[in-house]
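Accompanying notes for the structure given below.
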Amino acid sequence: MTNYWLIKSEPSAFSWQEQLRNKIEPWTGVRNHQAKKNLQSMKKNDLAFFYHSNEGKEIVGIVRIDKEAYPDPTDTEHRWFCVDVETICSVPVPITLKKIKSIPELEDIALIKQSRLSVMPITSEHWKILCDLGNVKL
DNA sequence: GCCAACGTTGGC
DNA sequence: GCCAACGTTGGC
């Protein structure tokens, strides 16, 4: 069964446009224990929203987990992990944080409740609501 | 083990 | 640019 996730990136550091070009990207640099735990819970073929933090503040794309957690090559002490994500599609109507905050059914989403967490699970119910909002047809 | 000081994230 | 929330560090 497929699990759902949301991963954040600041466009100035790594944008959706770069993800579109690269197709498959190692998701490195996560340095938070809860986010690390979430990375390690990801299974191949799980799906994730790609969210632009700081600039944009909207869900712009969907990726699929291509390779499960392995040691982050950017961490010389080998304490942190990363996954590989594969581009699936852009979200036709980007889902803004403002929009998400306006939907009562989404008030418990980690994106709002734990605003500093960069890798988080999304329930299948929330995933469906968000796909409808973004006019996503998978 | 506690907590003050400090650093970072990310929305506004 | 500000600041709330949260994580980390280091003295005690």
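Just so it is clear: chains get the letters A, B, ... in the order the sequence lines come, proteins before strands, and each one is counted from 1. All values reported here derive from a predicted model rather than from experimental measurement. What's counted below: heavy atoms across the whole structure, side chains too, no hydrogens, waters or symmetry copies.
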Open item on the list: Using the side-chain heavy atoms of A/Asn32, tell me which of these nucleotides is nearest: C/dT8, C/dG7, B/dG11.
Closed with: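 The answer is C/dG7.
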Open item on the list: What's the closest nucleotide to the side chain of A/His33 if the choices are C/dT8, B/dG11, B/dG10?
Closed with: C/dT8
Taking only side-chain nitrogens and oxygens of [X], does any of them come within less than 4.0 Å of OP1 or OP2 of [N]?
| X | N | value |
| --- | --- | --- |
| A/Lys8 | B/dG10 | yes |
| A/Tyr51 | B/dT9 | no |
| A/Lys101 | B/dC12 | yes |

Round to the nearest Å and state the distance from [X] atom [atom1] to [N] atom [atom2].
| X | N | atom1 | atom2 | result |
| --- | --- | --- | --- | --- |
| A/Ile59 | B/dG11 | CD1 | P | 12 Å |
| A/Ile7 | B/dG10 | CD1 | C1' | 17 Å |
| A/Trp80 | C/dG7 | CH2 | C1' | 10 Å |
| A/Glu10 | B/dT9 | CD | P | 7 Å |
| A/Leu117 | C/dG7 | CG | P | 9 Å |
| A/Lys57 | B/dT9 | NZ | C1' | 13 Å |
| A/Glu55 | C/dG1 | CD | P | 15 Å |
| A/Glu58 | B/dG11 | CD | C1' | 14 Å |

TODO: Check the pair A/Cys131, A/Lys128 against side-chain contact (heavy atoms from CB on, under 4.5 Å), reporting the backbone distance first and the verdict last.
DONE: CA-CA 5 Å; A/Cys131 284; A/Lys128 183 172 186 316; 5.7 Å; no
Open item on the list: With side-chain contact (heavy atoms from CB on, under 4.5 Å) as the criterion, how do A/Arg31 and A/Thr74 come out once you've worked through the C-alpha distance, each side chain's angles and the decisive distance to 0.1 Å?
Closed with: CA-CA 11 Å; A/Arg31 298 290 185 268; A/Thr74 69; 3.0 Å; yes
Open item on the list: Any side-chain to backbone donor/acceptor pair from A/Asn22 onto A/Glu25? Under 3.5 Å, distance only.
Closed with: no
Open item on the list: Check this for me: does any side-chain nitrogen of one of A/Glu68 and A/Lys44 sit under 4.0 Å from a carboxylate oxygen of the other?
Closed with: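 Result for this pair is no, no salt bridge flagged.
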